[in-house]
Amino acid sequence: MNAMNFTEPEERAALRAAVAELGKKYGHEYYSKQARAGLKTEELWAEAGRLGYLGVNLPEEYGGGGAGIADLAAVLEELAAAGCPLLLMVVSPAICGTVISRFGTDEQKKRWLPGIADGSRRMVFAITEPDAGSNSHKITTTAKRDGGDWVLSGRKVYISGVDEADAVLVVGRTEDSKTGKLKPALFIVPTDAPGFEYKQIDMDIVSPEKQFGLFLDDVHLPADALVGEEDAAIAQLFAGLNPERIMGASFSLGIARYALGKAVAYANERKVWGAPIGTHQGLAHPLAEIKIELELAKLMTQKAASLYDSGDDFGAGESANMAKYAAAEVAIRAVDQAVQTHGGNGLASEYGLGTLVAAVRLGRIAPVSREMVLNFVGQHSLGLPRSY
């Protein structure tokens, strides 16, 4: 973004317009129909990949667009605003693609990035465990040396899209030979590896992307499954978590835009007592408030992306957390008010809002909970004592 006039570059504006057209081609009716039938959004994903939208943030030499996370976030926001929020964009090109492009070996980059960029391969991300949710220091998934190779064991939970993925980027821990303490490390685990199993978790959210529990029972991995340096995994991990928060914010922003657009259109069309219901301040004012909150959240998301793309990881961390928080809150308000504006129609399948009620609630929980964002801001932004 231009710091003086707050307008995006012409290239990104053109990208937004092109992606919005693609989103309209499919729309929420397609997305919802696929989800309700237990199907994936393969056609949309494949076309987005073919057009270069899924890999805009990845290096050109590996088939990407050579741009930044700000551009990938714009792609996700526009698709979500068209009613097609692609959750796997958050994990495959944003987290996994970023980590591999920044820290992977040349061989890892050649093997994975071109497919991630064009959508023909997908990699998902596994950090959460049954007994280690927000507290990643309690992760127990452990990798032990086996000669020059690795043996990985542990469990993960609430991992998105494993059934669609070629591999999982697993956050595990290795033993420090000097101290004996466990330290984090990142491993690429193929989903067809012996000892790797996954089971779907039944959810009440209507979404094409499913959630899974993972079971890693002495999964043997080659030496080159380790991503980056064994002693620098914390930096590598956070290189992926900032894009995750930025993309999570964009996911929420797009849904908020979709819901607000539906509400405004209905408020202009629906007439009661001889006038459009949008005439009444009881409906007009809440929608106006949502518009204001939406624009504020969008600005913070763009700031976070700009800081990240400029190399300011810490500054991006603060802004990305704030953006994710603000976008999740406005998405919840937007969907709730859109349903209220529609009255009973708001929960009718025809109007495409009811399934979003649970979906937007996820933004307060993942990829980091609302409470942990507030902890971060209290401690790091305000200088308050650590509370956890």
Side-chain angles (χ1 to χ4, degrees), residues 88 90-92 95-100 103-105 107-108 111-112 116 121-203 209-241 244 366-369 372:
L88 287 194
V90 178
V91 288
S92 191
I95 303 175
C96 301
T98 296
V99 170
I100 291 173
F103 302 105
T105 64
E107 180 56 35
Q108 287 170 341
R111 182 179 180 188
W112 293 105
I116 291 175
R121 304 191 85 178
R122 273 166 272 203
M123 185 182 293
V124 296
F125 182 66
I127 182 170
T128 305
E129 295 186 1
D131 297 317
S134 297
N135 188 359
S136 56
H137 296 288
K138 293 295 185 181
I139 285 175
T140 59
T141 296
T142 305
K144 296 181 180 179
R145 289 281 188 182
D146 181 20
D149 297 338
W150 297 95
V151 178
L152 188 64
S153 295
R155 288 183 62 192
K156 298 291 181 182
V157 71
Y158 293 114
I159 309 305
S160 304
V162 182
D163 58 333
E164 303 176 60
D166 300 280
V168 183
L169 183 61
V170 175
V171 181
R173 307 185 83 177
T174 62
E175 185 177 292
D176 190 313
S177 58
K178 295 180 181 178
T179 66
K181 294 182 179 180
L182 293 175
K183 55 188 178 181
L186 305 178
F187 296 90
I188 298 174
V189 181
T191 51
D192 61 357
F196 179 91
E197 297 181 6
Y198 56 92
K199 182 178 180 181
Q200 184 174 326
I201 301 169
D202 291 333
M203 305 288 288
E209 297 90 3
K210 307 304 179 185
Q211 299 296 313
F212 295 88
L214 307 187
F215 305 88
L216 300 102
D217 184 13
D218 289 341
V219 178
H220 286 257
L221 299 170
D224 63 2
L226 177 70
V227 178
E229 296 295 327
E230 188 180 344
D231 294 323
I234 283 289
Q236 294 157 193
L237 177 58
F238 280 94
L241 294 184
E244 179 186 41
V368 60
S369 73
M372 287 304 295

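Computed from a predicted model, the values in this text were never measured in an experiment.
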message: To check you understand the geometry: which heavy-atom pair defines the closest contact between I188 and P190, and what is its length?
response: O-CD, 3.7 Å

field: Minimal non-hydrogen separation, I159 against A126, with atom names
entry: CD1-CA, 3.6 Å

field: Which atom of S160 lies closest to which atom of V124, heavy atoms considered
entry: O-CG1, 3.2 Å

- request: Kindly say whether A165 contributes a backbone atom to a donor-acceptor pair with the side chain of T191 at under 3.5 angstrom?
  value: yes

field: CA sep, side-chain torsions, deciding dist, call: H220, D149, side chain to side chain contact (heavy atoms under 4.5 Å, CB included)
entry: CA-CA 7 Å; H220 286 257; D149 297 338; over 6 Å; no

- request: Output the distance between atom CZ (F187) and atom CG (L216), rounded to the nearest 0.5 Å.
  value: 11.0 Å

message: What's the separation between atom NZ in K144 and atom CG in L152, rounded to the nearest 0.5 Å?
response: 11.0 Å

- prompt: Does the side chain of D131 reach to within under 4.5 Å of the side chain of T140, using non-hydrogen atoms?
  reply: no

- prompt: From I116 CD1 over to T98 OG1, what is the distance, rounded to the nearest 0.5 angstrom?
  reply: 9.5 Å

- prompt: Between V90 and F125, is any pair of side-chain heavy atoms under 4.5 Å apart?
  reply: no

- prompt: Can any side-chain N or O of K156 pair as donor or acceptor with the backbone N or O of V171 at less than 3.5 Å?
  reply: yes

- request: Return yes if some donor-acceptor pair links the side-chain N/O of Q108 with the main-chain N/O of L226 below 3.5 Å, else return no.
  value: yes

task: Please check if the side chain of S153 supplies one atom and the backbone of D218 the other of a donor-acceptor pair under 3.5 Å.
output: yes

query: Can you list the steps and then say if I127 with I139 is a side chain to side chain contact (heavy atoms under 4.5 Å, CB included)?
result: CA-CA 8 Å; I127 182 170; I139 285 175; 3.8 Å; yes

message: For Y158, is the OH atom crowded, meaning more than 12 foreign heavy atoms sit under 6.0 Å from it?
response: no

task: Apply the test side chain to side chain contact (heavy atoms under 4.5 Å, CB included) to residues T174 and K183: give CA-CA distance (whole Å), side-chain angles for both, the deciding distance (0.1 Å), then the verdict.
output: CA-CA 5 Å; T174 62; K183 55 188 178 181; 3.5 Å; yes

query: Distance from L221 atom CG to F196 atom CZ, nearest 0.5 Å?
result: 10.5 Å

message: Using modelled atom types and a 3.5 Å cut-off, is there a donor and acceptor pairing between side-chain atoms of S92 and backbone atoms of M123?
response: yes

- prompt: For E209 and M203, what are the C-alpha separation, side-chain angles and deciding distance, and is it a side chain to side chain contact (heavy atoms under 4.5 Å, CB included)?
  reply: CA-CA 11 Å; E209 297 90 3; M203 305 288 288; over 6 Å; no

field: Interatomic distance, Y198 atom OH to L214 atom CG [nearest 0.5 angstrom]
entry: 10.0 Å

- prompt: Ignoring hydrogens and geometry, is there a side-chain-to-backbone donor-acceptor pair from R121 to R111 under 3.5 Å?
  reply: yes

- prompt: CG/D163 to CD/Q211 distance, rounded to the nearest 0.5 angstrom?
  reply: 10.0 Å

Heavy-atom closest contact (W150 atom, A223 atom, distance): NE1-O, 3.8 Å

